[in-house]
Number of protein chains: 2
Amino acid sequence: MLEVNPHDPVPPEGLGIAEAARRTGVSVHTLRYYERAGLVITDVDRTTGGRRRYRQSDLDWIKVCTRLRDTGMSIRDIRRYADLVAGGRGNEHERLALLAAHRTELAERMDELARSLAMIDRKIGIYRERMATGDADRLWAPETR
Amino acid sequence: MLEVNPHDPVPPEGLGIAEAARRTGVSVHTLRYYERAGLVITDVDRTTGGRRRYRQSDLDWIKVCTRLRDTGMSIRDIRRYADLVAGGRGNEHERLALLAAHRTELAERMDELARSLAMIDRKIGIYRERMATGDADRLWAPETR
DNA sequence: GGTTGACTTCGAGCACGCTCTAAATCCTAG
DNA sequence: CTAGGATTTAGAGCGTGCTCGAAGTCAACC
């Protein structure tokens with residue numbers, strides 16, 4: 001068997017999907033799913049028998065995708081971005097717009113999360129207070145349930 | 001027809017599901033779904049004909065649920081919480097533990113979001129720089145795509 | 001009594017992002 | 001050459017949280 005350690009450079013003949021999965025941090029299923037979904041614009045090579053052979057450049061691009069995914073970007077939007085990148089030079093403004101829109105969304109989510117956190121903290125505070133003062137079974141206002 | 005304005009107090013005979021939906025901010029579908037899911041522990045009254053009649057106390061509890069939902073708590077966890085509340089006095093520690101666990105999750109999500117935001121900002125920064133310096137089609141390192 | 005519109009239940013459908021299965025094929029070690 | 005593990009495909013399945021549809025019932029007004 002072709003021995004390839006996780007940190008060895010990718011051999012000239014490329015990597016099998018299992019090793020590619022290991023190196024990108026997703027499952028082989030997900031790797032194939034991303035390809036079907038049109039995210040993998042690097043056109044992964046195949047052996048004559050049809051097996052995928054991943055090159056470093058493939059892994060690099062897939063990592064871009066997984067990083068975007070990690071930021072909560074939807075598959076659909078990553079797809080859009082990928083299409084732009086595949087479209088080549090000249091659409092940087094569009095790509096930037098897409099990223100900026102995503103950034104805005106993240107910032108909004110952040111605000112909302114902060115509000116949620118405050119709300120939960122308030123609720124927790126009420127509970128703590130209640131329990132400390134032994135009011136646990138006297139206060140039944142909905143606010144505090 | 002029974003005229004009931006959105007801010008009128010709930011009449012003694014209760015509200016129909018449509019008005020309850022309006023007042024709780026969810027759809028009638030969602031209202032029934034929450035009930036099926038076991039979130040609505042206030043046991044909404046029914047007319048002899050089987051129609052739901054919402055009292056203020058029902059609305060108050062449902063609003064607790066929607067607020068928890070707004071904080072991103074899962075239906076399953078709201079269910080657990082509801083069961084505890086329905087269980088009555090004496091399990092305040094458990095409720096608090098549940099809320100605290102959720103709070104921890106929110107805080108983690110917050111951190112992750114902050115990291116995502118930073119990552120996206122870095123990427124956006126790279127794009128801005130590239131485009132400003134006219135490097136748009138020279139830099140193709142995967143980091144910057 | 002009749003028309004209308006609100007409401008009922010149950011179950012299906014949907015969007016998302018995987019995750020898994022089955023049956024076939026490939027490829028490498030021995 | 002063969003055994004057996006890795007990989008292939010298309011498509012099904014899953015968990016979440018709704019959302020909708022169908023077919024039937026109820027109730028308010030005329």
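Heavy-atom basis, side chains included; hydrogens, waters and symmetry copies ignored. All chains are named by letter (A, B, ...) in the order of the sequence lines, taking the proteins before the strands, and each is independently numbered beginning at 1.
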Take atom [atom1] of [X] and atom [atom2] of [N], then tell me their distance rounded to the nearest Å.
| X | N | atom1 | atom2 | value |
| --- | --- | --- | --- | --- |
| B:R32 | C:dC10 | CZ | P | 12 Å |
| A:L31 | C:dT19 | CG | P | 12 Å |
| A:D77 | C:dA15 | CG | P | 16 Å |
| A:R36 | D:dG11 | CZ | C1' | 8 Å |
| A:R79 | C:dA15 | CZ | C1' | 17 Å |
| A:R51 | C:dC27 | CZ | P | 6 Å |

Would you kindly compare B:G49 and B:G72 by the position of their nearest DNA chain D nucleotide and give the one closer to the 5′ end?
B:G72
Check [Y] with [X], please: is the shortest side-chain N to carboxylate O separation under 4.0 Å?
| X | Y | result |
| --- | --- | --- |
| B:R115 | B:D111 | no |
| A:D70 | A:R67 | no |
| B:R109 | B:E112 | no |
| B:R55 | B:D58 | no |

Looking only at side-chain N and O atoms, does [X] come under 4.0 Å of OP1 or OP2 in [N]?
| X | N | answer |
| --- | --- | --- |
| A:Y34 | C:dC18 | yes |
| B:T48 | D:dC26 | no |
| B:R52 | C:dT9 | yes |
| B:R69 | D:dG17 | yes |
| B:T47 | D:dA27 | yes |

Using a heavy-atom cut-off of under 4.0 Å over every strand shown, decide if A:R46 touches base, sugar-phosphate, or nothing.
sugar-phosphate
With sugar-phosphate meaning primed atoms plus P, OP1 and OP2, does B:R76 contact a base, only sugar-phosphate, or nothing at under 4.0 Å between heavy atoms?
sugar-phosphate
What's the shortest heavy-atom distance between A:L15 and A:P11, and which atoms?
CD2-CD, 3.6 Å
